Enquirer: 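I have a structure here, written as structure tokens, and I will follow up with some questions on it.
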Amino acid sequence: MIEKALLHMGRIARQLWFRVVVISLVSLLALLLAPLAKPLLPGSVSEDFGREAVLPVLTILASGMLAVTTFSLNVMVSAYRTAASMATPRVYRLLLEDTVTHRVLATFVSGFIYSLTAVILFRARYFTPEGALVVFGLTVIVVVLIVGAILRWIDHLSSLGSMDHTLRLIERRTRDSLRDRLDKPCLGGRCAEDAERPEDAVEIPAAKSGFVRFIGLARLNELAKDAGVEITLTRAAGDYILRGQPVAWATGGDNEFCKAASAAIDIGDVRSFDQDPSFGLLLLAETAQRALSPGVNDPGTAVEVMGRLERLLWENMPADETSDTRKPTYPHVSVPPVTAGHLLHCAFPPIARCGSDSPSVMRWMEKSLDALASHPNPAMAKAARKMCEEVHDGRWG
């Protein structure tokens with residue numbers, strides 16, 4: 001269950017409110033502990049940089065940061081909606097995880113909370129003269145951080161919501177997901193390709209309907225080892241399943257075992273990048289489809305997307321078939337592999353169906369598939385050659 005807890009913690013850490021809460025709590029803690037620094041500070045300095053010096057600055061910060069935060073939130077929402085309308089609606093969830101926006105807004109909100117709280121504590125006579133000196137030093141640091149955040153925000157706004165920024169985000173997240181598969185073929189389990197199911201196998205049903213988002217291999221391997229059975233997954237991350245349908249089968253086990261195994265597989269109403277490298281390829285393909293629609297008619301964006309797809313598949317596929325040679329980390333669990341053919345079918349056919357009337361788009365697609373046909377990975381090269389023939393024959397038009 002540690003693996004699943006870390007997954008949920010990682011998802012929480014990518015949300016905007018988490019950074020706001022953490023940074024705000026740190027600033028509040030610094031204010032509350034300021035009086036404890038009294039023995040370390042000289043009294044003469046406290047008289048020059050005390051309450052009367054810092055209170056006006058805090059008042060300005062409290063009023064200014066509220067306006068800046070409100071304006072920035074409006075800009076963020078507007079830019080994200082524009083990006084989702086230009087690319088694909090599913091990219092909105094990825095944009096909400098933009099770390100630069102998180103840091104900037106967290107700095108603004110925490111600056112407002114810090115200054116407002118400090119003003120309240122000053123009015124309540126909470127700070128001694130020495131404590132006021134500490135608050136003065138903290139306020140100088142906060143002002144420097146806010147100025148840096150404003151400069152970073154100005155630079156970020158120049159690209160926020162643009163097509164280039166959106167495509168870079170999708171490509172970066174897809175690259176990370178593909179590279180995770182390089183390090184852990186079949187997620188660290190045994191590959192379940194062409195696995196034969198015993199007649200007396202026990203089905204492990206899905207606990208709910210939705211997309212398979214995360215498979216807790218460590219937990220499944222522990223359960224299978226303790227029960228002396230082998231688990232074979234029938235669905236991979238990204239697949240849709242209905243409640244009660246078999247998400248895996250085991251060579252033995254009782255109802256309690258099946259219930260515990262089913263709980264180790266996270267199923268939700270939306271897809272996730274965590275273990276699903278094909279999701280990012282699909283988002284890029286959907287962006288190209290939107291660009292090729294009659295209302296947009298932008299083949300240049302489709303060509304750029306195919307360049308990114310070609311780069312991702314060329315640079316992030318293993319040079320050879322390593323899934324059979326690496327020792328699995330979880331030997332009691334078998335996982336359906338992500339094949340080169342599956343990745344290609346997520347990337348190029350959707351674009352071919354929408355761009356069949358654009359010669360420039362189809363020429364670029366054939367060029368990309370020709371390049372991938374020389375990939376060191378035999379499976380990728382074979383799948384690319386086959387797809388190139390299908391495109392050339394107009395099968396996807």
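None of the values given here were measured: they were computed from a predicted structure.
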Enquirer: Provide the closest heavy-atom pair for P277 versus L178 in the form atom of the first, atom of the second, distance.
Expert: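 In this case the closest contact between P277 and L178 is CB-CD2, 3.5 Å.
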Enquirer: Checking the side chain of R290 only, and the main-chain atoms of S85 only, is there a donor and an acceptor separated by less than 3.5 Å?
Expert: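 Present.
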Enquirer: Can you tell me how far apart CG (L282) and CZ (R90) are? Round to the nearest 0.5 Å.
Expert: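 One finds 7.5 Å between CG of L282 and CZ of R90.
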Enquirer: How close do I204 and S262 get, heavy atom to heavy atom, and via which atoms?
Expert: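 Residues I204 and S262, closest heavy atoms: CG2-N, 3.9 Å.
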Enquirer: Between S115 and A62 (side chain of the first, backbone of the second, donor and acceptor by atom type, cut-off under 3.5 Å), is there such a pair?
Expert: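 Side chain of S115 to backbone of A62, a donor-acceptor pair under 3.5 Å: yes, one is there.
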Enquirer: So, do I241 and K208 sit near enough that their side-chain heavy atoms are less than 4.5 Å apart?
Expert: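 I241 vs K208: side chains apart.
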Enquirer: Please assess D370 against C388 for the test side-chain contact (heavy atoms from CB on, under 4.5 Å), listing each intermediate value before the final yes or no.
Expert: CA-CA 7 Å; D370 281 338; C388 189; 3.3 Å; yes
Enquirer: Could you tell me whether the side chain of D269 and the main chain of G210 form a donor-acceptor pair under 3.5 Å?
Expert: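 Checked: no pair found.
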Enquirer: Treat each ILVMFWY residue as a node, draw an edge where side-chain heavy atoms are under 4.5 Å apart, and state whether L66 and I120 are in one component.
Expert: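 In one cluster: yes.
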Enquirer: Going through the checks in order, is the salt bridge (Lys or Arg N to Asp or Glu O under 4.0 Å) test met by E389 and R385?
Expert: CA-CA 6 Å; E389 294 175 359; R385 284 193 297 268; over 6 Å; no
Enquirer: Any side-chain heavy atom of L281 within less than 4.5 Å of one from L312?
Expert: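 Heavy-atom side-chain distance check passes, below 4.5 Å.
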Enquirer: Distance from Q275 atom CD to L217 atom CG, nearest 0.5 Å?
Expert: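 Rounded to the nearest 0.5 Å, the CD-CG separation comes to 6.5 Å.
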Enquirer: Do you know the tightest heavy-atom contact between V202 and G253?
Expert: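 The pair with the smallest heavy-atom distance is CG2-O, 3.9 Å.
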Enquirer: Take R93 and E97 through the test salt bridge (Lys or Arg N to Asp or Glu O under 4.0 Å) and record every step on the way to the result.
Expert: CA-CA 7 Å; R93 298 189 297 270; E97 298 177 0; over 6 Å; no
Enquirer: Looking at H165, is its backbone amide N or carbonyl O close enough to the side chain of S162 to form a donor-acceptor pair, meaning the two atoms are under 3.5 Å apart?
Expert: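 Here the side-chain-to-backbone pair exists.
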Enquirer: If you count heavy atoms of other groups shown closer than 6.0 angstrom to CG of N255, is the number above 12?
Expert: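 Check fails, neighbour count at 12 or below.
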Enquirer: Does some side-chain heavy atom of D164 sit less than 4.5 Å from a side-chain heavy atom of E304?
Expert: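 Yes. Closest side-chain heavy atoms under 4.5 Å.
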Enquirer: Judged by atom type as modelled, is there a donor-acceptor pair below 3.5 Å linking the side chain of T232 to the main-chain atoms of S334?
Expert: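 The answer is no, because no donor-acceptor pair under 3.5 Å joins these two groups.
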Enquirer: Given 3.5 Å as the limit, does a donor-acceptor pair link the side chain of R243 with the main chain of S209, or not?
Expert: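 No; judged by distance alone, with no hydrogens or angles, the pair does not exist.
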Enquirer: Report yes if some heavy atom in the side chain of I215 is under 4.5 Å from a heavy atom in the side chain of V333; otherwise report no.
Expert: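 They are not in side-chain contact.
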Enquirer: Taking ring pair (Phe, Tyr, Trp, His ring centres under 6.0 Å) as the definition, give me every residue that meets it alongside F279, ordered by chain and number, with sequence neighbours left out.
Expert: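 F279 satisfies ring pair (Phe, Tyr, Trp, His ring centres under 6.0 Å) with F273 once adjacent residues are dropped.
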Enquirer: Is I23 reachable from L116 through a run of hydrophobic residues whose side-chain heavy atoms are each under 4.5 Å from the next?
Expert: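 Different clusters.
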Enquirer: Any side-chain heavy atom of V91 sitting closer than 4.5 Å to one from T287?
Expert: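 With C-beta onward as the side chain, the pair stays apart.
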Enquirer: Between V212 and F214, is the side-chain contact (heavy atoms from CB on, under 4.5 Å) condition met? List the steps.
Expert: CA-CA 6 Å; V212 177; F214 183 82; over 6 Å; no
Enquirer: So which heavy atom on D276 is nearest to which on R271, and how close?
Expert: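 Here D276 and R271 meet closest at OD2-NH2, 2.6 Å.
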Enquirer: Between K259 and E256, does the salt bridge (Lys or Arg N to Asp or Glu O under 4.0 Å) criterion hold? Intermediate values first, please.
Expert: CA-CA 5 Å; K259 184 177 179 180; E256 291 297 325; 5.6 Å; no
Enquirer: Evaluate the side-chain contact (heavy atoms from CB on, under 4.5 Å) criterion for residues F122 and V135: first the C-alpha distance (whole Å), next the side-chain angles of each, then the deciding distance (0.1 Å), finally the verdict.
Expert: CA-CA 10 Å; F122 268 116; V135 174; 3.8 Å; yes
Enquirer: Is there a side-chain contact between Y80 and D98 (heavy atoms, below 4.5 Å)?
Expert: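 Yes - at least one pair of side-chain heavy atoms lies under 4.5 Å apart.
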Enquirer: List for me each residue that meets salt bridge (charged side-chain N to carboxylate O under 4.0 Å, His left out) alongside R172, sequence neighbours excluded, and say none if there are none.
Expert: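 In terms of salt bridge (charged side-chain N to carboxylate O under 4.0 Å, His left out), with neighbours along the sequence ignored, R172 is linked to no residue.
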Enquirer: Going hydrophobic residue to hydrophobic residue with side-chain gaps under 4.5 angstrom, can you get from V305 over to V296?
Expert: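 They do not share one cluster, since no chain of ILVMFWY contacts under 4.5 Å joins V305 to V296.
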Enquirer: Are any side-chain N or O atoms of T107 and backbone N or O atoms of A149, one a donor and one an acceptor, separated by less than 3.5 Å?
Expert: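 Here the side-chain-to-backbone pair does not exist.
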Enquirer: Quick one: closest heavy-atom pair of P331 and N221, and the distance?
Expert: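 Distance-wise, the nearest heavy atoms are N-OD1, 3.4 Å.
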Enquirer: With rounding to the nearest 0.5 Å, note down the distance linking CG in L369 to CE in M365.
Expert: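 If we round to the nearest 0.5 Å, L369:CG and M365:CE are 7.0 Å apart.
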Enquirer: L25, F18: one ILVMFWY side-chain cluster at the under-4.5 Å cut-off?
Expert: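 Yes, it is one cluster - the side chains of L25 and F18 are joined through contacts under 4.5 Å.
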Enquirer: Apply the test salt bridge (Lys or Arg N to Asp or Glu O under 4.0 Å) to residues R173 and D176: give CA-CA distance (whole Å), side-chain angles for both, the deciding distance (0.1 Å), then the verdict.
Expert: CA-CA 5 Å; R173 194 66 182 273; D176 293 341; 5.6 Å; no
Enquirer: Between V361 and M306, is a side-chain contact (heavy atoms from CB on, under 4.5 Å) present by the stated rule, with each step listed?
Expert: CA-CA 9 Å; V361 171; M306 284 189 289; 3.7 Å; yes
Enquirer: With a 4.5 Å cut-off on side-chain heavy atoms, are S110 and V20 touching?
Expert: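 No, every pair of side-chain atoms sits at 4.5 Å or beyond.
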Enquirer: Output the distance between atom CH2 (W153) and atom CG (L160), rounded to the nearest 0.5 Å.
Expert: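 That separation rounds to 5.5 Å.
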Enquirer: If we ignore hydrogens and angles and just use 3.5 Å, is the side chain of H332 paired with the main-chain N or O of G228 as donor and acceptor?
Expert: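 Pair absent, no side-chain N/O of H332 close to backbone of G228.
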Enquirer: Answer yes or no: does atom CH2 of W364 have more than 12 heavy-atom neighbours from other residues, nucleotides or ligands under 6.0 Å?
Expert: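 No, the 6.0 Å shell around CH2 holds no more than 12 heavy atoms from other groups.
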Enquirer: Rounded to the nearest 0.5 Å, how far apart are OG1 of T339 and NE2 of H345?
Expert: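 NE2 of H345 is found 8.5 Å from OG1 of T339.
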Enquirer: Can any side-chain N or O of Y114 pair as donor or acceptor with the backbone N or O of T139 at less than 3.5 Å?
Expert: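 Yes, because the side chain of Y114 sits within donor-acceptor range (under 3.5 Å) of the backbone of T139.
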Enquirer: Got a sec, which residues hit ring pair (Phe, Tyr, Trp, His ring centres under 6.0 Å) with Y240, two or more places apart in sequence or on another chain?
Expert: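 So Y240 forms a ring pair (Phe, Tyr, Trp, His ring centres under 6.0 Å) with F211.
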Enquirer: Taking atom CZ of R81 as the centre, does the number of heavy atoms from other residues, nucleotides or ligands within less than 6.0 Å exceed 12?
Expert: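 Not more than 12 within 6.0 Å, no.
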Enquirer: Quick one: pull up OG in S278 and CG in D239 and give me the separation to the nearest 0.5 Å.
Expert: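 Reported to 0.5 Å precision, the distance equals 8.0 Å.
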Enquirer: Under 4.5 Å between side-chain heavy atoms, hopping through other hydrophobics if needed: is there a path connecting V75 to L105?
Expert: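 As far as the 4.5 Å side-chain criterion goes, L105 and V75 are connected within one cluster.
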Enquirer: Is M163 close to T301 at the side-chain level, that is, under 4.5 Å between some pair of heavy atoms?
Expert: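 Yes, at least one pair of side-chain atoms sits under 4.5 Å.
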Enquirer: If you draw a 6.0 Å radius around CG in D357, do more than 12 non-hydrogen atoms from other residues or ligands fall strictly inside?
Expert: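 No, the 6.0 Å shell around CG holds no more than 12 heavy atoms from other groups.
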Enquirer: Write down the atom of S374, the atom of W314, and the distance for their closest heavy-atom approach.
Expert: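 Smallest heavy-atom distance, with atoms named: O-CH2, 3.8 Å.
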Enquirer: Got a donor-acceptor contact below 3.5 angstrom from the S272 side chain to the R213 backbone?
Expert: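 Pair absent, no side-chain N/O of S272 close to backbone of R213.
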